[in-house]
Structure formats: C-alpha cells, structure tokens
Number of protein chains: 2
Amino acid sequence: MTPQGNPAPVFAALSDPTRLALLLKLSDGRARSIATLSADTHLTRQAVTKHLHVLEKAGLVGSVRVGRESRFACQPEPIATARSYLDTVSRQWDDALGRLQALVER
Amino acid sequence: MTPQGNPAPVFAALSDPTRLALLLKLSDGRARSIATLSADTHLTRQAVTKHLHVLEKAGLVGSVRVGRESRFACQPEPIATARSYLDTVSRQWDDALGRLQALVER
DNA sequence: ACATTTGGCAACCTCCAGGTTGCCATTTCT
DNA sequence: AGAAATGGCAACCTGGAGGTTGCCAAATGT
C-alpha cells in the first residue's frame with residue numbers, strides 16, 4: 001500500500017528525530033521487537049509503537065508477528081523514492097545554475 | 001566530503017505538499033516574489049508566506065528584498081545534506097543485506 | 001497452573017502546524 | 001497627489017501529532 005511517486009509522506013515520516021533514530025537502529029537490516037526498540041529510549045513503549053506504525057504506513061519498515069512479539073525491519077524502496085526526488089530537484093537547480101553561468105560568462 | 005547537519009528539520013520542511021510544490025517551482029533557479037508564488041495557488045498569500053519562511057528557516061531557500069517585493073530563490077546545501085543522509089541509511093541497509101545474503105548462501 | 005513478557009486498544013491531554021481574516025506600512029504606477 | 005500592488009504583523013481557529021496512562025488479551029517461562 002505504498003503509493004509510489006509522492007515523496008511528501010516519506011519526508012513526513014523522516015521528519016521526526018525519534019523516527020530517524022529508529023530507522024538508524026534498524027538500518028543494519030536486523031528485525032527487532034517493539035520492546036527491544038523501546039528499551040534504551042526515554043519514551044513509552046506505546047509512543048515507540050506509534051512511531052513504528054507511522055514508519056510502516058510510509059512503507060519505510062515492515063512488521064511480522066512472531067509468537068507474542070512483532071518484529072520490525074527496514075524496507076528500502078521509499079528511501080529510493082525520496083532520494084530520486086532530491087536528485088530531481090538538485091539536478092534541475094544545477095542545470096538552471098549552469099545556464100545562468102553560461103549566460104554570464106558569454 | 002560533506003558537512004554535517006541534522007537532517008530532521010530539512011525533512012520536516014520537505015514534508016508538506018505545498019512546500020514541495022514551491023520548491024519545485026523555484027528549482028529552476030529563478031527568484032520570485034511572494035505574489036508571483038501564490039498566484040496559481042488556492043491558498044492565501046499569507047499561507048504561502050508562512051511556508052516560504054519555513055523553507056527559509058530550514059535553509060532551503062533565501063530571500064532578498066527588492067523594492068516593495070521580496071524575492072525567494074533556492075539554496076542547494078540542505079538538499080545535499082538530506083541526500084547524504086539517505087545515502088548513509090540506504091548504504092548501511094545494503095551492506096547489512098549483503099552480509100545476510102552471504103551468510104545464507106554459504 | 002500461575003506469573004511475566006509483550007503488545008494491542010482506547011481515552012485523554014497539550015501543543016503547534018496550517019490556514020484564515022483584518023489591518024497597516026511602504027513602494028510603485030498613473 | 002491618489003490609487004493600487006506588495007507584503008509584514010497579529011489574532012484567531014482547528015485538526016492532528018506526539019505523548020501519557022490504564023486496561024486487557026495472548027504467548028512464554030518456570
């Protein structure tokens with residue numbers, strides 16, 4: 001259910017320090033339970049749960065229920081989406097700058 | 001290589017569709033007045049002004065007062081910051097995936 | 001069998017982002 | 001000089017984000 005092409009939700013998911021920290025923790029590819037992920041945080045387990053669900057809705061992580069615990073792990077596609085968006089913007093900007101400079105140097 | 005920078009504020013600035021649209025408009029490098037930027041929007045000039053100030057605080061755009069109007073234009077550095085962050089995350093993820101696959105294939 | 005770990009659900013609170021309206025100052029046009 | 005364009009400022013409203021607490025259900029350890 002990850003809409004491709006609209007980068008705003010992905011950026012929104014990335015706009016919170018707590019979620020960035022979670023992503024960094026998960027960026028080693030290992031799957032972790034909610035309890036594990038909220039262990040060394042000053043936040044409540046519920047708060048962490050909410051953040052994880054936000055990340056999941058944005059498609060940045062996926063979850064699997066294993067016994068009594070549900071494990072979360074990274075999913076890379078939306079990051080690629082966000083990166084390609086930034087690439088587009090900065091490329092257009094570079095192009096425009098290049099043209100301007102060419103005009104000036106002429 | 002590249003400077004530091006906390007990427008969360010940049011992502012926060014990028015997390016709004018209106019601001020993304022503004023950035024795209026400005027990504028051709030030309031500077032525009034607030035009135036021009038809010039011309040083909042369904043939003044109020046004030047709303048657009050607020051969004052522009054958010055982008056400015058994040059360093060994504062800069063403004064210059066020219067006569068009675070203030071012109072806004074792109075500034076590329078924070079975009080580079082955000083991109084490098086996404087690069088870091090996705091590289092770490094790729095590395096982890098690689099190690100996992102190496103383990104599995106053994 | 002019982003206690004513990006783990007997590008889902010719901011109610012609640014507070015704060016701020018996004019948006020509006022109204023008014024006023026300055027610059028530009030005629 | 002007078003009218004219009006441009007935008008800064010402030011008050012105000014509303015919804016949702018982020019966080020907490022409390023309770024309950026299911027899976028696990030002993």
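Bear in mind the structure is a predicted one, so any value in this text is a computation, not a measurement. Within every chain, numbering begins at 1; the chains are lettered A, B, ... in the order of the sequence lines, protein sequences first and strands thereafter. Hydrogens, waters and symmetry mates are skipped; everything else that's a heavy atom, side chains included, is used.
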Short N-O contact, B:Asp40 and B:Lys25, less than 4.0 angstrom: yes
Donor-acceptor under 3.5 Å (B:Arg19 side chain, B:Ala13 main chain):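 Yes; at least one donor-acceptor contact below 3.5 Å.
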Can you see if the side chain of [X] gets near the phosphate of [N] - specifically, an N or O under 4.0 Å from OP1 or OP2?
X       : N      : value
B:His51 : C:dA17 : no
A:Ser70 : C:dT6  : no
A:Thr44 : D:dG19 : no
A:Thr18 : D:dG18 : no

Using atom names, set out every protein N or O paired with an N or O of nucleotides 27-30 of chain C below 3.5 Å, distance rounded to 0.1 Å.
residue: C:dT27; atom: O3'; partner: B:Arg68; partner atom: N; Å: 3.3
residue: C:dT27; atom: O2; partner: B:Arg68; partner atom: NH1; Å: 3.4

Go nucleotide by nucleotide along DNA chain D from the 5' end; which of B:Thr36 and A:Leu43 gets its closest nucleotide reached first? B:Thr36
Which sits closer to the 5' end of DNA chain D, B:Arg32 or A:His42, going by the nucleotide each is nearest to?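 By nearest-heavy-atom nucleotide position, the 5'-most residue is B:Arg32.
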Heavy-atom nearest nucleotide on DNA chain C for A:Lys50 versus A:His53: which residue maps closer to 5'? A:His53
Provide, to the nearest angstrom, the distance between the CD atom belonging to A:Gln46 and the P atom belonging to C:dC12. 17 Å
Counting the atoms with a prime plus P, OP1 and OP2 as sugar-phosphate, which does B:Arg71 contact under 4.0 Å by heavy atoms, base, sugar-phosphate, or nothing? nothing
Looking only at C:dG18, C:dG7, D:dG7, the nucleotide nearest the B:Ile34 side chain is D:dG7
Going by atom types only, do B:Ser38 and B:Thr41 share a side-chain donor-acceptor pair under 3.5 Å? no
